[in-house]
Protein chains: 2
Amino acid sequence: MGRMTQSPRKRPTSFDVAHLAGVSQSTVSRALAGSPSITEATRNRVMAAAAELDYLVDERAARLRRGTTSTLAVVVLRRPEDTVRSANPFYQELLYSVCEAAATRQLDTLVSLQSDDGDLSGRYVEQGQADGLVVIGSPTNVRAWEYFHELEADTSYDSPDTIGHAAYWGTPHEDMRWVRADNATGGRLAVRHLTDAGYRSIAYAGSDGNVQQQFRERHEGYLAEMADRGLAPRMIAVDQDSSREDQGRAAADAVLAAGDVDAMFVACDRMALGVLDRLSGLGTNVPGDIGVVGFDGMGAGRFSNPPLSTIEPDLAAAGKMLVDAAIDGVAQADGVRVPVRYVARSSVRSE
Amino acid sequence: MGRMTQSPRKRPTSFDVAHLAGVSQSTVSRALAGSPSITEATRNRVMAAAAELDYLVDERAARLRRGTTSTLAVVVLRRPEDTVRSANPFYQELLYSVCEAAATRQLDTLVSLQSDDGDLSGRYVEQGQADGLVVIGSPTNVRAWEYFHELEADTSYDSPDTIGHAAYWGTPHEDMRWVRADNATGGRLAVRHLTDAGYRSIAYAGSDGNVQQQFRERHEGYLAEMADRGLAPRMIAVDQDSSREDQGRAAADAVLAAGDVDAMFVACDRMALGVLDRLSGLGTNVPGDIGVVGFDGMGAGRFSNPPLSTIEPDLAAAGKMLVDAAIDGVAQADGVRVPVRYVARSSVRSE
DNA sequence: CTGAAAGCGCTTACAG
DNA sequence: CTGAAAGCGCTTACAG
């Protein structure tokens, strides 16, 4: 490693470069920033000196002076009890796609994992650390969402070069600038493909209550499409407190007990994976006896038994929408929808 | 939103707070930083004024002056052709656990996704943006690893408060400070559990070449344990160019063609998932006819057909080791190993 | 315990 | 096209 072969020395500044190149410090700054007013010859001399000294601009100073940061802050809300392996991979994927979208816009991403029971902080713009903020979470992070909701109301001044924009995934508050999957369309798509494949007695498996806004919307899409097709809706309500997988297993039991259901639209993939697990354990033929459609597009669905048909939100679009909304703002006061598509796999008969 | 209810005004500085609290700017700085030399009464007055003005320290200025950043830079190497959904989730999980480990140490994480065919940059410490650097990638990101390898050699000066530490996951260069799974132990564990379950003709499925250091180590562990138990090793070499899943499918075909193999230790979970997919498609009984063990601990393995036994690296430990190595440095010049454990699921007969 | 002042390392009017 | 100077908003010796 380099530092062993040479004695440490202080990091060079633009003054050192100026001295070596025989120009003023301001010229160094301009030359390195690509100012068009600098001669090619001068620029070359400066660049050579900078390379020679291994000089790099100190971004703290540059940003302090400039007033901007070229950075997007991303807060990921996690449940305190989650480990990397038990956490819902959906949020990890969403984080990843936000980072990708930010990179496309030449923005670095300042990521902070926060949980409902720990310190919350989202004032990165006000602290000069970012030009915008994206918050990713599930509506169950109640305290965190209240915190961010209040933050929106509190911000009483604007930074010179930014308007302190923010965008949110998973907020239960309608008056925050949210980005969400087009859940209702997803619900409709599920019913559409299931009926096209010949299923008629299609149940929705999910929570009945109003805890999860996203689930409610999926359910509404399901109801609307069922009504449009003159089919009677059925609800398989699951216990709120168990894991998604166990909720799915219980839903499968309920469907089998009912005896007259031939397909299920399940609120999310993790739950649907639980459904499949129970159904295959019991020897029920999927998709023959019962067709199953999930929601999320989880990778695990490609290898389940059988592979899971699902409604997949366009994650790349989601990342881009969040970043754009956070940096540019959006016209509408509230939210924007991420498109979804139906992914056909073998948990549904071919149409 | 707040900005609608009040006219925008410039962000307050410590001078504004000082003015309102009737003290000097230095006192504001000290009071807010928690300096013990400030009276309780003074501190309260300052805090009240700061709250009143909604003042927050500008971190750019504070860090410029202080010389540190409280930030860890994390570079994630991605393949240019990958999308969020096609990318190996292992790296997303690892990124997540690095962020968690950093948060535990009160560090923010500056995340940058970079790919072999795009701009590479890892000089965050030199630019005053971070106190340390973690790079996560696969050995296949050849150009990127060469870049970071050279960077280590180039750094010819030290920052005043940091030594420009870095730690790497996935580097093919032995002389960089790497963190890796304990692959050899993983290979041994796989063989151990397979033989304990009564399997005798255990093949290794993976690449034969030396492309993937990690795979080579897993193979070596397998070979060593097989030798210790007096069993004859078998290699099922896979085609380098197809997808992991297809490599797995081909390996399954090869095993079936051979006819005398009763178990497989597969180089990684994605490949093992391909093995399972083909085996179940062909009606082969797993674990009855053939036992399968993968490597990685991928979430999808919990729902595959049958659920996949696997060697799981401790991801939380991996994140912590990377962060610690990057910030504190480590004693040894080269690397440290992340512990692995055997996760028993139904792709192996119960012992 | 508090204040006046220097200075971190840049960018950018302002002159010439 | 280039330079001298101001200033971004802090922290921290140095005095008292």
Side-chain angles (χ1 to χ4, degrees), chain A residues 10-47 49-50 53-70 123 125-129 131 157 159-162, chain B residues 10-47 49-50 53-70 123 125-129 131 157 159-162:
Chain A
K10 219 170 154 285
R11 57 175 296 169
T13 71
S14 53
F15 285 91
D16 299 322
V17 177
H19 183 78
L20 183 62
V23 296
S24 74
Q25 182 268 339
S26 2
T27 297
V28 170
S29 179
R30 291 197 188 93
L32 263 24
S35 158
S37 72
I38 298 287
T39 319
E40 200 50 32
T42 309
R43 189 191 312 281
N44 287 148
R45 242 172 339 125
V46 170
M47 305 265 272
L53 295 177
D54 202 16
Y55 169 79
L56 290 171
V57 168
D58 185 318
E59 287 296 327
R60 285 169 299 210
R63 291 170 181 186
L64 171 59
R65 194 46 243 256
R66 207 185 290 118
T68 56
T69 65
S70 314
R123 314 211 46 183
V125 175
E126 293 86 341
Q127 292 180 125
Q129 297 191 80
D131 296 338
Y157 61 84
S159 305
D161 295 86
T162 169
Chain B
K10 219 167 154 289
R11 59 175 294 169
T13 70
S14 52
F15 285 91
D16 299 323
V17 176
H19 184 76
L20 183 61
V23 296
S24 76
Q25 183 268 340
S26 359
T27 297
V28 170
S29 178
R30 290 196 189 95
L32 263 25
S35 158
S37 74
I38 299 288
T39 318
E40 200 50 32
T42 309
R43 190 191 312 281
N44 289 148
R45 240 171 342 125
V46 171
M47 305 264 273
L53 295 177
D54 201 15
Y55 169 79
L56 289 171
V57 168
D58 186 318
E59 287 295 326
R60 286 170 298 211
R63 292 171 180 186
L64 171 58
R65 193 47 244 255
R66 207 185 290 118
T68 57
T69 65
S70 315
R123 314 209 50 180
V125 175
E126 293 86 342
Q127 291 179 125
Q129 298 191 81
D131 297 337
Y157 60 86
S159 306
D161 296 85
T162 169

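Convention: sequence-line order gives letters A, B, ...; per-chain numbering from 1.
The phosphate of dA4(D) has neither OP1 nor OP2 within less than 4.0 Å of any side-chain N or O from Ser24(A).
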Tabulated below should be each protein N or O lying under 3.5 Å from an N or O of nucleotides 12-16 of chain C; please produce it.
| residue | atom | partner | partner atom | Å |
| --- | --- | --- | --- | --- |
| dA13(C) | N6 | Arg30(A) | NH2 | 2.4 |

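The backbone N or O of Ala41(B) lies less than 3.5 Å from no partner atom in the side chain of Thr39(B), so there is not a single donor-acceptor pair.
Side-chain contact between Leu32(B) and Met47(B): present, with at least one pair of heavy atoms (C-beta onward) separated by less than 4.5 Å. Between Arg63(B) and Glu59(A) the shortest side-chain heavy-atom distance does not fall below 4.5 Å.
Taking CD of Gln129(B) as the start and CG of Leu56(A) as the end, the distance is 10.0 Å to the nearest 0.5 Å.
Judged as a side-chain contact (heavy atoms from CB on, under 4.5 Å), and not counting sequence neighbours, the contacts of Arg45(B) are Val23(B), Thr42(B). Under the side chain to side chain donor-acceptor pair (under 3.5 Å) criterion, Ser26(B) pairs with Ser24(B), not counting sequence neighbours.
Against DNA chain C, the stretch residues 31-47 of chain A makes no heavy-atom approach under 4.0 Å.
What separates CG of Asp58(A) from C1' of dC8(D) is a distance of 13 Å, to the nearest Å. dG9(D) atom P lies 18 Å from atom CZ of Arg60(A), rounded to whole Å. The interatomic distance linking Arg63(B) (CZ) with dC8(D) (C1') rounds to 16 Å, in whole Å. One interatomic measurement links the two molecules: NE2 of His19(B) to C1' of dG3(C), which rounds to 17 Å at whole-angstrom precision. Look at CG on Leu53(A): it is 15 Å from C1' on dG9(C), rounded to the nearest Å.
Scanning all heavy atoms of the two residues, the minimum distance from Gly128(B) to Thr69(B) falls at O-CG2, 3.2 Å. Residues Arg43(B) and Ser35(B) come closest through the heavy atom pair NH2-O, 3.0 Å.
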List, one per line, each side-chain donor-acceptor pair under 3.5 Å for residues 14-22 of chain B, sequence neighbours excluded.
| residue | atom | partner | partner atom | Å |
| --- | --- | --- | --- | --- |
| Ser14(B) | OG | Gln25(B) | NE2 | 3.0 |
| Asp16(B) | OD2 | Thr13(B) | N | 2.8 |

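The side chain of Leu64(B) has dG9(D) as its nearest neighbour among dC10(C), dG9(D), dA4(C). Taking every side-chain heavy atom of Thr13(B) into account, dC10(D) is the closest of dG3(D), dC10(D), dC10(C).
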- request: Begin from the C-alpha positions of Asp54(B) and Arg123(A) and carry the test side-chain contact (heavy atoms from CB on, under 4.5 Å) through to its verdict.
  value: CA-CA 11 Å; Asp54(B) 201 15; Arg123(A) 314 211 46 183; 3.1 Å; yes
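Taking a pair as Watson-Crick or G-U wobble with both distances under 3.5 Å, the runs of three or more consecutive pairs in DNA chain C are C:1-3 with D:14-16, C:5-12 with D:5-12, C:14-16 with D:1-3.
For the side chain to side chain contact (heavy atoms under 4.5 Å, CB included) criterion with Arg60(A), the lone passing option out of Asp58(A), Val57(A), Leu64(A) is Asp58(A).
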